[in-house]
> 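Before anything else, here's the structure in question.
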4 protein chains.
Amino acid sequence: MFFEINPSNGVAIFEQIARQVKYAVANGALRAGELVPSVRELATRLAVNPNTVARAYRDLQADGFLEAMRGEGLRVTKQAIERSGKHRTKLLHERIRQVVVEAKQSGLTEDEFYALVDQLWKKEQIEV
Amino acid sequence: MFFEINPSNGVAIFEQIARQVKYAVANGALRAGELVPSVRELATRLAVNPNTVARAYRDLQADGFLEAMRGEGLRVTKQAIERSGKHRTKLLHERIRQVVVEAKQSGLTEDEFYALVDQLWKKEQIEV
Amino acid sequence: MFFEINPSNGVAIFEQIARQVKYAVANGALRAGELVPSVRELATRLAVNPNTVARAYRDLQADGFLEAMRGEGLRVTKQAIERSGKHRTKLLHERIRQVVVEAKQSGLTEDEFYALVDQLWKKEQIEV
Amino acid sequence: MFFEINPSNGVAIFEQIARQVKYAVANGALRAGELVPSVRELATRLAVNPNTVARAYRDLQADGFLEAMRGEGLRVTKQAIERSGKHRTKLLHERIRQVVVEAKQSGLTEDEFYALVDQLWKKEQIEV
DNA sequence: GTGGTCTAGACCACC
DNA sequence: GTGGTCTAGACCACG
C-alpha cells in the first residue's frame, strides 16, 4: 500500500487518506480481511496528526469499507470490494457529469471534448 | 446574462459568480467592453452581500477578465475572451485528467469509461 | 496641448488632467497668460464628465497654476512656470526617494540600480 | 520579521502587509517553508482586523508567495524567492520608468536627474 | 451613482 | 488551534 499525502492541494488530508484506501481496495492491493496500518503507525508514516488518520478510518467504517476487530485493529470488510465498485462508479458518474457540463459551458464541441479525453486517457499512467 | 446561485452546494458563492461571468464571456453572452452589473445591483438581484459580489469581481480583475472604469463600473477586457479560452482549457484539461486517473484507479476499462462519458455527454443539457 | 486620458489605469482622471496641464506649462506648450480650454470643451474633447475637468481646474487654481478671468475663463498664472519647477522638483524628489527605498528593500545593489536607471533613461522617449 | 503599519499613508493596510512579507522574503528574513504568523496573531499584533490580514495573505497566495498547510497555517513557497526577484524587478522597472518620464517631462537634464538619484541613494537608510 | 477598504462578528471545516 | 466564507454596515474617493 502506497500513500502520498499533499497537505497543500486543497483536498482535505483525511479525504486523501480515505480515497487511497479505497483505491487500494479497488485494485486489489488491499484484500478483504486484511488489517490496515494502525492509526498511530500510519500517522507517523505520513507525518500527519493521528486525529486525521482516525477521521479517515472513521469515515471508512461508516462507508462499510473497514470494520473494527477489537484488540486487533481495523480490517477490510468482505463487502468492501463490491462497495468499492458501486460507490466509485457513482462518484465517477457525478464527476464526469460535472466535467461534461463544464466542457459544454465552455463552448467545446463534442469532437474537441472527445479528443481531449482520448489524449489524456492515453497519456495518463497510474501508479498503485 | 443569467445568474443562478446555489448557496449550499459546496462551491463558494463568490466562486459561482466568478465562474458564471467567465462562462458568459466564453459563450458570447458578455462581450468585450461591456459593463457587468454593478456590485450593488447584482448583490440585490442575487440576494447576497455586496462584499461577496465585490470579491468575485475582484478576482475577475486579478485574472484580467474585468477592468475598472473609474466611476462607471467594471467592464469586460479585450483579453477576456482569449483568456477565457486558454484559462478554461487548462482547467478542463486538469479536471479531465483527474477523472481519467480516478477511472483508471477504479479499474475501469477504456470501453467502460468511454461509454460513461458518451452517455453523459448526450444526456446533459446546458442552459446559458 | 495634447491630452491622453486612460480611465482604467488606477490614476484618477482629474489627476491625469491636472498633471498634463502642469507638464504643458513646464515644457512651454502653455505660456503664462494663455487661456486653457473651457471646462465644457475639454470635457467633450476627452469624453469625460465635466465635473472631472472642473475638479482638475479647481486643484490647479489651488496650486496657483491657473487663475479665473471672470467672463473669459481660466488662464495660466505668471507664477505657474516657476511653481512648476519647484513643485515638480519636490514631487520628483519624493518619488525618487520611494523608488530608492523599494530598490534597497528588494536587495538591489547600487550598481544594479544605477544600471536600471541608466538603461531606462536612455530608452525612454518623451512626447509632448 | 518586522512589521510597521501606517494606517493613513495612502497605501491600503492589506497592501502594506503584503509588501512587507514580500520584502521579508526578498531579503531573507523569511525563508522558503517557514510559516508566517497566523492571521489572528498578526491581526492583534498590528491592531487591525483579522480580515485585513487575511486579505493580504490571500493575495500572497494568489501571487504564489504563500501556500496553505491545512490546519497548520500558511508557509512561504519554494518559488517565493525567485518570484520575489522577478516580480519586484518588474515592478521596480515600471516605477523607475515612470519616474524617468516625469523627470524628462519636467525638463530635468540627465546630470540633474542623476545627481538627485545619487543624493537620495546615499541618504536613504533601510531598516529590515 | 460607481468601486475600494476596513471593521466587527458569526459560522464552518480541518488538524 | 488554523484558514475560509459570508454578512452587515461604515467610510472614502471618484465621476
Side-chain angles (χ1 to χ4, degrees), chain A residues 5 7-8 10-17 43 46-56 59, chain B residues 5 7-8 10-17 35-43 46-61 66-75, chain C residues 5 7-8 10-17 43 46-56 59, chain D residues 5 7-8 10-17 35-43 46-61 66-75:
Chain A
I5 294 302
S8 62
V11 181
I13 294 174
F14 79 86
E15 180 70 21
Q16 295 183 48
I17 297 173
L46 300 180
V48 153
N49 192 306
N51 287 330
T52 308
V53 177
R55 166 74 186 271
D59 288 6
Chain B
I5 294 303
S8 62
V11 182
I13 295 175
F14 78 86
E15 182 67 24
Q16 295 182 48
I17 296 173
L35 290 178
V36 292
S38 82
V39 169
R40 289 161 172 85
E41 192 218 319
L42 189 53
L46 301 178
V48 299
N49 189 291
N51 283 330
T52 306
V53 177
R55 164 77 187 273
Y57 281 179
R58 181 154 25 92
D59 287 4
L60 287 166
Q61 283 183 76
L66 298 181
E67 63 185 345
M69 299 291 293
R70 312 201 52 122
E72 271 199 89
L74 297 166
R75 78 173 177 200
Chain C
I5 293 302
S8 63
V11 181
I13 294 174
F14 79 85
E15 181 68 24
Q16 294 182 49
I17 296 173
L46 301 179
V48 299
N49 191 305
N51 287 329
T52 308
V53 177
R55 166 73 188 273
D59 287 5
Chain D
I5 294 303
S8 62
V11 181
I13 295 174
F14 78 87
E15 181 68 24
Q16 295 183 49
I17 297 173
L35 290 177
V36 291
S38 83
V39 170
R40 290 162 173 84
E41 193 218 320
L42 189 53
L46 300 179
V48 299
N49 191 291
N51 283 330
T52 305
V53 177
R55 165 77 187 273
Y57 281 179
R58 180 155 25 91
D59 288 4
L60 288 166
Q61 283 182 76
L66 298 182
E67 64 185 345
M69 299 292 292
R70 312 200 50 122
E72 271 200 88
L74 298 165
R75 78 173 177 201

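Residue numbers start from 1 in every chain, and the chains themselves are labelled A, B, ... in the order their sequence lines are given, proteins ahead of strands. Given the structure is predicted, the values throughout are model-derived calculations rather than measurements.
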> Please state whether the base of F:dG9 and the side chain of B:Asn49 form at least one donor-acceptor pair under 3.5 Å?
no

> Looking only at the side chain of D:Gln61 (C-beta and beyond, no hydrogens), which of the listed nucleotides E:dC14, E:dT5, F:dG3 gets closest?
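Nearest to the side-chain atoms of D:Gln61, counting from C-beta on, is F:dG3.
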
> Report the nucleotide, chosen from E:dC14, F:dC6, F:dG15, that has the shortest atom-to-atom distance to any side-chain atom of B:Arg70.
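Output: F:dG15.
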
> Any donor-acceptor pair under 3.5 Å joining the side chain of B:Asn51 to the base of F:dG9?
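Counting by modelled atom types and ignoring angles, a donor-acceptor contact under 3.5 Å is found here.
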
> Give, for atom CG of B:Leu42 and atom OG1 of B:Thr52, the distance between the pair rounded to the nearest 0.5 Å.
10.5 Å

> Do the side chain of D:Arg40 and the base of F:dG3 come within less than 3.5 angstrom through a donor-acceptor pair of N or O atoms?
yes

> Round to a whole Å and report the spacing from CZ of D:Arg75 to C1' of F:dG3.
15 Å

> Using whole Å, what does the distance between atom P of nucleotide E:dG4 and atom CZ of B:Phe14 come to?
16 Å

> Measure the distance from CE on D:Met69 to C1' on F:dT2 and round it to the nearest whole Å.
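About 12 Å, once rounded to whole Å.
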
> Starting the side chain at C-beta, find the nucleotide from E:dT7, E:dC15, E:dC6 nearest to D:Val48.
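That would be E:dT7.
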
> What dot-bracket string describes DNA chain E from 5' to 3', counting Watson-Crick and G-U wobble pairs whose defining distances are under 3.5 Å, with [ ] for crossing pairs and | for pairs to another strand?
||||||||||||||.

> Closest approach to the side chain of A:Ile13, judged atom by atom: which nucleotide of E:dC15, F:dG3, F:dC14 is it?
E:dC15

> Hey, which sits more toward the 5' end of DNA chain F by its nearest nucleotide, D:Ala68 or B:Gly71?
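Here D:Ala68 is the residue nearer the 5' end.
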
